[in-house]
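Structure, as structure tokens:
Hydrogens, waters and symmetry mates play no part in the numbers below; they use all other heavy atoms, side chains included.
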Amino acid sequence: MPTPRSRAAELFGQRVRTARVALGMSQEEIANLADMHVTNFGRVERGEANSELHTIVRIATALDTDPAELMAGLYGDGMLPQHARAYSVADFIAARRAEEGR
């Protein structure tokens with residue numbers, strides 16, 4: 001079984017699954033409501049997919065929830081794959097100040 005793409009994808013998928021189960025709906029039912037293939041929906045729930053914004057919104061709409069609830073807190077260290085590095089505005093400012101101090 002493939003591993004999750006990132007910690008963020010894994011947590012997002014867990015939230016989607018929790019919301020779906022709470023509604024008593026199957027993956028196929030939610031996938032149909034979200035206008036996506038059930039295989040792709042399953043990949044989202046397992047954290048194997050890197051969903052685009054419109055996919056996230058379609059899933060949230062099918063689950064009758066705000067996309068922000070599914071995405072809350074999915075930022076910062078440890079959320080992206082180890083080989084990826086996200087730079088924040090704080091990183092940018094620190095680098096600029098370091099250059100100016102030379």
So, taking the atom named CZ in Phe12 and the one named CD in Glu45, what distance separates them when rounded to the nearest 0.5 Å? 10.0 Å
Donor-acceptor pairs under 3.5 Å, side chain of residues 29-37 to any protein atom, not counting sequence neighbours: which ones?
| from | atom 1 | to | atom 2 | distance (Å) |
| --- | --- | --- | --- | --- |
| Glu29 | OE1 | Ser26 | N | 2.8 |
| Glu29 | OE1 | Ser26 | OG | 3.3 |
| Asn32 | ND2 | Glu28 | O | 3.2 |
| His37 | ND1 | Thr39 | N | 2.9 |
| His37 | ND1 | Thr39 | OG1 | 3.1 |

Roughly how far, to the nearest 0.5 Å, is CG of Asp66 from OG1 of Thr61? 9.5 Å
What pair of heavy atoms forms the shortest contact from Leu63 to Leu23, and how long is it? O-CD1, 3.6 Å
To the closest 0.5 Å, what do you measure between CD (Glu10) and CZ (Arg46)? 13.0 Å
When rounded to the nearest 0.5 angstrom, what distance separates CD1 in Ile56 from CG in Leu70? 8.5 Å
Contacts of type salt bridge (charged side-chain N to carboxylate O under 4.0 Å, His left out), residue Arg15, not counting sequence neighbours: none
Say whether Leu11 and Val44 are linked into one hydrophobic cluster, either directly or through other cluster members, by side-chain heavy-atom distances under 4.5 angstrom. yes
Would you say Val57 ends up clustered with Met25 if hydrophobic residues are merged whenever their side chains have heavy atoms under 4.5 Å apart, either directly or through other cluster members? no
Verdict with reasoning, Arg97 to Glu100, per salt bridge (Lys or Arg N to Asp or Glu O under 4.0 Å): CA-CA 5 Å; Arg97 286 184 180 155; Glu100 290 172 354; 6.0 Å; no
Find out whether Arg58 and Thr55 are in side-chain contact, i.e. whether some heavy atom of one side chain is under 4.5 Å from a heavy atom of the other. yes
